[in-house]
Each structure stands twice: as structure tokens, then as C-alpha cells.
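Only this structure's heavy atoms are used, side chains among them; waters, hydrogens and symmetry mates stay out.
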Amino acid sequence: MKLAIENVSKEAFQPYGQLIEMPVKDDPTIAVENVTFWKQQAMFSIKGETEVGVLKIKKQDMVFDQLENHFKTATGIICLDGDCAIAVAPPSDDIPNVDTLKAYTIPQGQLFVLAEKCWHSATYPIDKDEITLLIIFQKDALDNDTVFEDISESVELTF
């Protein structure tokens with residue numbers, strides 16, 4: 001199955017979690033001579049200690065036949081040095097039907113937060129041979145709260 005990659009927006013991403021659009025479109029909380037600050041651009045709870053990991057991903061075919069889920073923690077992801085694509089399905093305890101998947105381009109520098117139980121593909125570099133991402137979630141989620149499940153057919157992300 002081919003799945004078209006769409007440009008992301010805060011509204012479009014809402015069923016799957018949260019997105020901080022850059023540049024920020026809201027009025028700043030603080031705006032003084034040398035500082036501009038926008039508070040509460042994303043809110044999510046992580047029980048216990050929080051871990052920040054670094055993930056490097058090399059460019060590859062954007063084809064997958066498994067989805068990943070973290071049932072007990074939201075996951076914050078920031079593409080540090082390139083744009084990426086990701087497929088998502090609404091949060092659920094059950095493996096989603098491939099017809100429910102959406103794919104988005106996430107621009108470099110934007111934080112997106114996957115809600116607890118949000119099914120997702122890997123992230124795929126778009127404009128570089130390798131990208132680096134920061135991954136923020138509950139400590140040891142990789143070992144204790146990461147599930148990979150086969151889906152009914154292979155999915156190819158396309159532009």
C-alpha cells in the first residue's frame with residue numbers, strides 16, 4: 001500500500017499527539033529586549049524519571065511492515081538536523097488497520113509528541129543521508145514499554 005506524506009500542522013497532528021510549530025504563531029508569554037518566551041507549547045505527563053536519548057537514522061526506503069507503540073508513556077521527538085517523515089495511527093490498545101494510517105513531514109527543529117498508545121512507524125530522513133533526533137520518554141521505555149507488531153500489509157511512504 002502506498003501512503004502519501006502530508007505537510008504537518010498542529011491541527012492535523014492533534015489525533016496522534018501534539019506539535020509545536022516553528023516559528024511559534026501564538027503571542028509570547030514574555031517579550032522583553034533580549035528574551036522572547038512562549039510557555040506551555042506542549043503539555044504531557046511522564047510518570048517517574050524522564051530519559052532523553054539520541055537516535056541517528058540513515059536514509060533508507062520508506063517501507064515498513066511493523067508499527068511501534070509505547071503503551072505507558074508519551075514520546076517527545078525533535079528532529080535536530082534534518083526533516084523526517086513518520087506514519088502514525090490513533091492511540092489504541094489494538095493493532096490498527098493500515099487504512100487508518102497518516103504520514104507527515106516533520107520539519108527540522110520541531111517538537112512532536114506522540115500520545116501514549118499512539119502507533120507509529122520509524123522516522124525516515126527526507127533531505128539528508130542521516131539525521132539525528134532527540135527522543136524524550138519515560139526512563140527505560142525502550143526496554144519496558146516498546147512493542148513492535150506486524151501489520152496486515154507493507155506500507156510505502158510517498159510524496
Side-chain angles (χ1 to χ4, degrees), residues 3 5-26 29 37-98 100-151 155 157:
L3 181 62
I5 300 171
E6 302 173 22
N7 291 325
V8 74
S9 70
K10 202 176 223 181
E11 296 75 25
F13 201 75
Q14 192 275 331
Y16 316 102
Q18 302 172 66
L19 175 79
I20 297 178
E21 294 179 300
M22 300 300 286
V24 178
K25 296 175 182 171
D26 303 330
T29 308
F37 176 71
W38 294 262
K39 72 176 189 173
Q40 299 177 358
Q41 293 300 297
M43 303 288 290
F44 60 106
S45 296
I46 295 178
K47 298 172 189 88
E49 288 185 273
T50 302
E51 139 182 356
V52 178
V54 176
L55 174 64
K56 286 194 165 287
I57 299 182
K58 293 185 178 188
K59 197 163 200 170
Q60 58 190 296
D61 291 337
M62 294 190 287
V63 178
F64 59 92
D65 57 8
Q66 286 189 327
L67 291 173
E68 180 177 341
N69 200 323
H70 309 283
F71 290 100
K72 299 176 189 168
T73 186
T75 305
I77 302 173
I78 303 169
C79 302
L80 294 178
D81 54 5
D83 298 347
C84 70
I86 189 169
V88 290
S92 173
D93 289 324
D94 300 319
I95 302 166
N97 185 305
V98 294
T100 65
L101 291 171
K102 289 286 214 174
Y104 295 105
T105 296
I106 308 293
Q108 175 182 337
Q110 289 193 336
L111 166 70
F112 63 104
V113 180
L114 299 173
E116 287 180 15
K117 301 182 182 184
C118 178
W119 291 93
H120 58 93
S121 69
T123 50
Y124 296 94
I126 294 173
D127 56 346
K128 299 204 173 172
D129 289 334
E130 181 178 80
I131 60 171
T132 305
L133 302 100
L134 287 182
I135 311 294
I136 306 159
F137 52 26
Q138 185 180 52
K139 182 181 177 194
D140 295 324
L142 182 63
D143 299 322
N144 301 322
D145 187 32
T146 301
V147 174
F148 294 94
E149 293 287 351
D150 292 337
I151 52 178
V155 176
L157 303 184

Checklist entry - Hey, is CG on D129 packed in by over 12 heavy atoms from elsewhere, all under 6.0 Å? => result no
Checklist entry - Are K56 and E130 close enough for a salt bridge, meaning some N to O gap below 4.0 Å? => result yes
Checklist entry - Is the shortest distance from a Lys or Arg side-chain nitrogen in E6 or K102 to a carboxylate oxygen in the other one below 4.0 Å? => result yes
Checklist outcome for this item: Rounded to the nearest 0.5 angstrom, the CG-CD distance for L142 and E68 is 8.0 Å
Checklist entry - So which pairs with a foot in residues 43-55 pass salt bridge (Lys or Arg N to Asp or Glu O under 4.0 Å), sequence neighbours left out? => result K47-E116, E49-K139
Checklist entry - For Q66, which residues count as a side chain to side chain donor-acceptor pair (under 3.5 Å) partner, sequence neighbours excluded? => result D150
Item to check | Non-hydrogen atoms of F112 and C79 that approach each other most closely | outcome: CE2-SG, 4.4 Å
Item to check | Atom CG of N7 with >12 non-hydrogen neighbours under 6.0 angstrom | outcome: no
Next on the checklist: If we check side chain to side chain contact (heavy atoms under 4.5 Å, CB included) with Y104, which of these qualifies: I5, L19, V8, L157?
Outcome noted: V8
Checklist entry - What is the minimum heavy-atom distance between P125 and K128, and which atoms define it? => result CB-O, 3.5 Å
Checklist entry - Given C118, which of N69, V113, L67, V88 fulfils the side chain to side chain contact (heavy atoms under 4.5 Å, CB included) condition? => result V88
Next on the checklist: Quick one, L133 with V54, criterion side-chain contact (heavy atoms from CB on, under 4.5 Å). Give me CA distance, side-chain angles, the key distance, then yes/no.
Outcome noted: CA-CA 6 Å; L133 302 100; V54 176; over 6 Å; no
